Amino acid sequence: MQRKVTKAIFPVAGLGTRFLPATKSVPKEIMTLVDRPLIQYAIDEARAAGIKEFIFVTSRGKGALEDYFDHAPQLETELEKKGKTELLNVLQDTNMESGAVAYVRQHKAKGLGHAVWCARRLIGDEPVAVLLPDDVIDADTPCLQQMVEAYEETGGNVVAAMEVPDEKTSAYGILDVASDMGNMVSVKGMVEKPAPGTSPSNLAVIGRYILTPQVLENLNDMETGAGGEIQLTDAIAKEISASDNVYGFRFRGQRFDCGSKAGFLQATVAFGLARPDLRDELGLYLQELMASRQAAQ
Ligand code: G1P
């Protein structure tokens with residue numbers, strides 16, 4: 001039996017420069033996908049996977065994100081008075097248990113590995129999940145839940161993985177596959193953002209991880225890697241040589257890269273079309289838009 005994963009780290013310290021000027025005053029994680037902030041999708045996924053403690057690695061200017069997790073009693077009373085039960089439920093579904101949320105500051109932007117390391121004292125000697133909220137995954141069984149199930153079988157470190165085209169490998173952590181068992185692959189190496197033409201495979205790491213305490217320990221070395229940053233990929237790769245216990249997990253679901261504008265827009269359309277209250281109006285609009293574009297060509 002593996003030790004249960006009950007803690008998750010959400011690295012949210014990034015500046016979000018790709019979304020300027022909006023991110024001058026709004027943290028990227030608060031930007032809305034339909035009507036929920038990006039971070040809410042990651043929280044919901046973590047809760048579904050049994051996570052009880054939520055650790056946010058933040059930075060200067062993320063106050064709105066911290067406020068988002070406060071309860072809103074005044075608003076709740078108002079909605080209750082007006083009999084707006086549906087909205088009240090929407091709001092209450094986002095309430096977090098007191099003490100379940102913790103914030104740690106990353107004082108310097110030294111990379112993803114460093115951000116995760118900043119949370120080390122709150123993790124201690126336990127396995128931990130890491131969720132990068134930019135990666136939004138639409139799935140029948142939430143991605144992290146799929147991974148927890150896989151982890152319960154294998155133990156070790158489990159990273160979400162997905163095939164990407166050749167020209168995209170240099171944007172990801174890439175797995176060097178030892179043996180391929182379908183959903184699971186055992187890994188003999190990992191490279192962060194390999195130079196074009198040098199990638200060991202097309203299997204990219206997507207922002208969901210289940211990590212052993214050793215990975216956080218490896219981060220103590222503070223070695224810099226790709227882009228001059230302390231990379232989580234390198235700390236995981238160290239575990240391959242030390243304990244040979246790293247697995248890639250091909251999740252079932254569709255991933256949207258909400259760290260890019262095109263990906264954010266695609267996710268907005270896809271999640272909008274999946275919503276019963278928006279489906280018809282949005283679908284019709286898209287059909288008309290496509291038809292008029294075709295007619296104009
Ligand atoms: C990070 C990780 C990378 C991973 C990617 C997934 O990169 O460093 O290994 O493949 O997330 O989204 P970033 O997108 O922050 O540059």
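It should be emphasised that the depicted structure is a prediction, and the values quoted were computed from it without experimental measurement. What you see below is based on every heavy atom in this structure, not just the backbone, and it leaves out hydrogens, waters and symmetry mates. First listed ligand is number 1; within each ligand, the first listed atom is number 1.
- Within the model, atoms CD of Gln214 and NZ of Lys238 stand 13.0 Å from one another, a figure rounded to the nearest 0.5 Å.
- Close N/O approach between Asp135 and ligand 1 is found [any backbone or side-chain N/O within under 3.5 Å].
- Under a 4.0 Å heavy-atom criterion, Met162 is not in contact with ligand 1.
- Within the model, atoms NE2 of His114 and CD of Gln231 stand 12.5 Å from one another, a figure rounded to the nearest 0.5 Å.
- The N/O atoms of Val205, backbone and side chain alike, include one that comes under 3.5 Å of an N/O atom in ligand 1.
- For the pairing with Arg36, the side chain to side chain donor-acceptor pair (under 3.5 Å) check across Thr94, Asp93, Asp44 returns one residue only, Asp44.
- Taking atom 13 (P) of ligand 1 as the reference point, the nearest protein heavy-atom neighbour is Lys193 NZ, 3.6 Å.
- A salt bridge links Lys62 with Glu29: at least one charged nitrogen is closer than 4.0 Å to a carboxylate oxygen.
- In this structure, Phe69 and Tyr103 have tilted ring planes: the angle between them lies in the 30° to 60° band.
- Note that atom 15 (O) of ligand 1 has no protein non-hydrogen atoms nearby, at separations under 4.0 angstrom.
- In this structure, the separation between CG on Asn157 and OG1 on Thr212 is 3.5 Å, given to the nearest 0.5 Å.
- If you check which protein heavy atom lies closest to atom 11 (O) of ligand 1, you get Leu132 CD1, 3.4 Å.
- Protein heavy atom at the shortest distance from atom 8 (O) of ligand 1 is Glu192 OE2, 2.7 Å.
- The pair Arg250-Asp180 counts as a salt bridge, with a side-chain nitrogen and a carboxylate oxygen less than 4.0 angstrom apart.
- Under a 4.0 Å criterion applied to the non-hydrogen atoms of Arg255, ligand 1 contributes the atoms 12 (O).
- Using a non-hydrogen distance threshold of 4.0 Å, Leu232 does not register as a contact of ligand 1.
- In terms of polar-atom proximity, defined here as any N/O pair under 3.5 Å, Gly173 does make such a contact with ligand 1.
- The environment of CG in Leu273 is crowded: more than 12 heavy-atom neighbours from other residues, nucleotides or ligands sit within 6.0 Å.
- Against a heavy-atom cut-off of under 4.0 Å, Thr233 is close to the following atoms of ligand 1: 9 (O).
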